[in-house]
Structure formats: C-alpha cells, structure tokens
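Residue numbers start from 1 in every chain, and the chains themselves are labelled A, B, ... in the order their sequence lines are given, proteins ahead of strands.
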2 protein chains.
Amino acid sequence: MARVSDTRERIMDIAENAILEKGFSATSIDEIIAAAGITKSGFFYHFADKTALAKAILVRYLEREDRIMDGFFERGRELAEDPLQAFLVGLKLFAEAMYDLPAAHPGCLVATYCYQERLFDRDIREMMREGALNWRRRFLAMIDEIEQRYPPNDQVDREALADMINAVVEGGIVMSKTLNDPRSLGDQVMLFRSYVKLLYASREAAA
Amino acid sequence: MARVSDTRERIMDIAENAILEKGFSATSIDEIIAAAGITKSGFFYHFADKTALAKAILVRYLEREDRIMDGFFERGRELAEDPLQAFLVGLKLFAEAMYDLPAAHPGCLVATYCYQERLFDRDIREMMREGALNWRRRFLAMIDEIEQRYPPNDQVDREALADMINAVVEGGIVMSKTLNDPRSLGDQVMLFRSYVKLLYASREAAA
DNA sequence: AAATGACTGTACCTCGGGTACAGTATCGCG
DNA sequence: CGCGATACTGTACCCGAGGTACAGTCATTT
C-alpha cells in the first residue's frame with residue numbers, strides 16, 4: 001500500500017497510548033489491530049511478537065523524551081547565561097509544560113515497563129538503564145557547570161542529584177495518577193527546582 | 001484444616017512477592033496455587049477472583065507500610081525534641097533502612113497497581129488515593145509543626161512538599177529498578193532530607 | 001449427629017497470545 | 001510487460017490463563 005509502511009507507525013501510536021493508559025498486558029493485540037484496521041496477520045508481519053512491539057515503542061519513546069527534555073534546557077541556556085539560572089529556567093519551562101497537560105500525565109513508559117519487567121528481556125532492561133544513565137549524564141554536566149561557580153550549601157552525591165529529576169518525574173507521575181490530580185507532577189518538578197535553588201544560591205541572597 | 005485459615009495469608013504472601021517481582025498480570029493463579037500447595041478450587045474458595053486477591057493484598061500492604069513509616073518518625077520524635085530535627089532523624093532512619101535492603105527495592109505495590117490501573121475497579125483506585133492522602137496528612141502535620149518554629153527559606157506549596165516524600169520514594173524505587181542499583185532509593189530519600197534541611201535551617205547556620 | 005469451614009476433583013468455557021501457511025494486491029524495476 | 005518484493009488478508013489451529021459450576025470430602029465445632 002504505502003511506500004514506506006506507515007501502518008507500523010500507526011500500530012505503535014495506538015499501542016503506546018493504550019499501554020500508557022492501562023498497562024502493557026491489559027493492551028491486547030486484538031484491540032490494537034481493531035483500532036488500526038488491520039488483521040492479526042498484518043500485525044505479526046510488522047512485529048515478531050508483542051515484546052518486539054514493546055521494544056520498538058520504547059526506542060521511539062526514549063528518543064522523543066530526550067528531544068523534549070533537551071529543548072527545555074537549551075531554551076534555558078538561551079534565556080540565561082548563568083548556568084544555575086539556565087538550569088532553573090529549564091526546570092521552570094519543564095514544570096510549566098507539565099502543568100499545561102490537560103489531564104493527569106499519561107504515565108512514563110519506562111515506569112510502566114519497569115513494573116512489568118519480568119515480561120521483558122535483557123534488551124529492554126538494558127535500554128531503560130541506558131536511558132536513565134543518559135539523563136544522569138546530561139544533568140550531571142549541568143550540575144558540574146553550576147558547581148564551578150556556586151559551592152553547594154549541603155553535601156550531596158552529585159550523581160544522585162542528577163538522578164533526582166528523573167526520580168521526581170517518575171514519582172510525580174505516580175502521585176498524579178494515584179491522586180488523580182494533574183497538578184502533582186508540575187508541583188514536584190517545582191519543588192525539585194526549589195531544592196536546586198536553595199542548594200546553590202548564595203547564602204546571603206534572599207529566597 | 002487450620003482453625004483460622006492461614007492458607008489465605010499464605011496465598012497473599014506468595015502473591016505479593018510475585019506481584020512485586022514481576023507485576024500483577026505476569027503472576028498467574030496457577031503458579032500461586034502451585035507454590036501454596038493448594039488447588040484452583042481452593043484459591044477461588046478464598047478469593048472471588050484475581051482482583052479480590054489484589055485488593056486484599058493492597059489493604060494489608062498499606063497498613064503495614066503505614067506502621068513502618070510511623071515507626072521511623074515516632075523514633076525520630078523520641079530521639080529529638082525539635083520538630084525539624086525529629087523529622088530529619090526520621091528521614092535518616094528511613095533512608096538507612098532503604099540502604100540496608102539487600103537488593104533493589106522490590107517495588108511499591110501502589111505503583112505496580114497504578115501502572116495496571118484499568119485492570120482494577122474504583123475500590124482499588126480509591127484505596128490507593130486514600131493511602132496517598134493519608135501520607136500527605138501525616139507529613140503535612142509534621143511540616144506545620146516545623147513551620148511554627150522555622151520560617152521556610154523558599155515559598156513552597158506545603159501539600160506538595162508533604163507529597164514529595166511519597167513521590168521521591170516511588171521515583172527512587174523506579175530508579176533503583178531501572179538502574180539495578182540498590183542504593184538509589186536511599187540516596188533519593190537523603191536528597192529529600194537535604195532539601196528539608198536547607199528549606200528550614202536558619203540561614204546563618206552552616207551546612 | 002449435624003452443620004460448618006476448608007478445601008479437592010473434574011469438566012468445561014472464553015480470551016489472548018501466538019503459529020502456520022497459503023493467497024492476494026500494489027508497486028518499482030529491469 | 002512481467003518479476004519479485006512489500007504489505008498485507010484469511011483460515012485454521014494450539015496453548016495457557018482466568019474463570020465457572022458443582023459435587024464430593026474430611027476435620028472441627030456445637
């Protein structure tokens with residue numbers, strides 16, 4: 001039909017939404033193919049099994065999230081020269097984007113997979129690990145830059161601090177979902193921002 | 001057999017471990033009954049269906065977590081009179097307990113359920129919400145007590161701050177699992193502690 | 001001795017994740 | 001123009017998991 005199959009992408013779109021909404025195992029192939037308007041054979045033409053689908057969606061998801069995240073912090077650097085200010089601006093842009101989501105955050109695919117992990121193979125676990133380490137590296141670089149100018153007001157493990165934004169996002173999503181409150185996620189990001197501010201702000205400066 | 005069925009409890013123990021390890025849907029009734037040494041009929045004698053089992057496990061889990069959490073902060077109050085210090089001691093005790101876990105945290109049942117939520121009914125979602133609100137109330141009370149003595153060094157939403165510990169724990173577990181690093185969770189709790197310290201410590205006091 | 005609680009055993013149904021494989025429509029290419 | 005590759009459809013079948021239905025059993029309690 002289509003030159004380069006857009007059916008594959010369509011399957012992934014439908015499946016990703018369904019997985020984020022109700023989990024991987026609760027998302028049946030039958031419902032995906034019904035929504036995509038194809039047959040079961042068509043599905044298995046594109047993906048060897050459900051796990052292959054999960055893997056393909058995860059790859060795409062991680063790339064997309066990376067680009068979005070980079071966007072906020074690049075914009076932060078455009079708007080502020082100081083590394084601390086740039087980081088704080090990036091965090092605020094991120095938090096605002098989270099506040100602007102119409103409903104509770106649909107959920108993080110990594111967390112969704114994480115809680116079904118035995119379903120999946122080494123590949124997927126390794127990809128998720130790489131994704132997390134990638135975020136760590138990104139934020140660690142920013143933190144290092146900040147620390148060159150500002151001594152921290154408390155002794156903290158820099159790696160853990162770099163991971164904290166990831167943790168806060170994952171935790172914020174869980175809170176958002178359990179409380180059914182769309183604001184929770186943004187709130188948590190803003191609290192992390194407040195922590196960074198207090199951690200690096202010159203002590204004589206007022207809040 | 002047993003006067004008051006301990007089979008029910010045994011089923012719940014086995015199922016809880018399995019669910020935390022690999023998710024709810026990946027845990028089959030067949031494997032549970034095999035481990036418990038009973039038949040399928042025996043299982044359905046105790047639980048109407050798999051969801052009823054999930055519910056029973058969640059109730060027990062929430063109560064247990066509550067007791068454990070209360071323990072740390074009660075001990076904190078025993079060890080320190082000042083509300084801020086008591087809170088910080090409680091957090092440290094909690095973090096240490098997390099560091100002492102032999103492997104990566106098995107996972108939070110709430111998050112596990114959260115990411116399978118459409119599988120479950122209103123009841124379960126309401127219970128998880130109540131659990132989160134319960135934690136919020138608990139920590140909000142502590143924060144209020146602290147604020148009576150210490151003005152915060154940054155403007156923060158107190159409710160969100162009370163929720164943050166829950167978020168940090170959930171996020172820390174996800175990080176612990178994706179990175180396969182048992183220390184992540186404790187690290188995240190310690191960072192939250194550092195935040196509380198910076199937020200309420202008198203500005204002239206050194207870190 | 002009867003009733004109750006805690007099961008076992010057998011049989012059967014549905015749904016979801018596949019597997020197997022033959023057939024078909026469309027396209028680009030030589 | 002025909003060939004092969006790509007992108008599917010259709011049919012049929014298998015297995016495991018979540019149940020349902022219900023009769024039977026065996027120990028304890030009253």
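If you take CD of A:E31 and P of C:dC15, they are 15 Å apart, rounded to a whole angstrom. The nearest whole Å value for the distance from the CD1 atom in A:I32 to the P atom in C:dC15 is 18 Å. The CG-P distance, from B:D6 to C:dG5, rounds to 17 Å in whole Å. Counting to the nearest Å, the P atom of D:dC22 and the OH atom of B:Y45 are 18 Å from each other. Rounding to whole angstrom units, CD1 of residue A:I33 and C1' of C:dG16 are separated by 11 Å.
Taking the six-membered ring for Trp and the full ring otherwise, the centers of A:F87 and A:Y200 sit at least 6.0 Å from each other.
Residue pairs meeting the side chain to side chain donor-acceptor pair (under 3.5 Å) criterion with at least one partner in residues 70-80 of chain B, sequence neighbours excluded, are B:D70-B:R138, B:R75-B:E78.
When atom types are taken as modelled, the side chain of B:S194 and the backbone of B:M190 share no donor-acceptor pair closer than 3.5 angstrom. Remark: the backbone N or O of B:L179 is paired with a side-chain donor or acceptor of A:R129 at under 3.5 angstrom.
Between B:H46 and C:dC7 there is a side-chain polar atom (N or O) within less than 4.0 angstrom of OP1 or OP2. In this structure, A:T7 reaches the D:dC8 phosphate: one of its side-chain N or O atoms is under 4.0 Å from OP1 or OP2.
Using modelled atom types, one finds no donor on one side chain facing an acceptor on the other under 3.5 Å when comparing A:Y195 with A:D154.
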- Message: For a quick check, with a 4.0 angstrom heavy-atom cut-off, what is the B/S/- contact string for nucleotides 10-20 of chain D, read 5' to 3'?
- Response: BB-----SBBB
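The aromatic rings of A:F139 and A:F73 sit perpendicular to each other, their planes meeting at more than 60°, with 30° as the lower class boundary.
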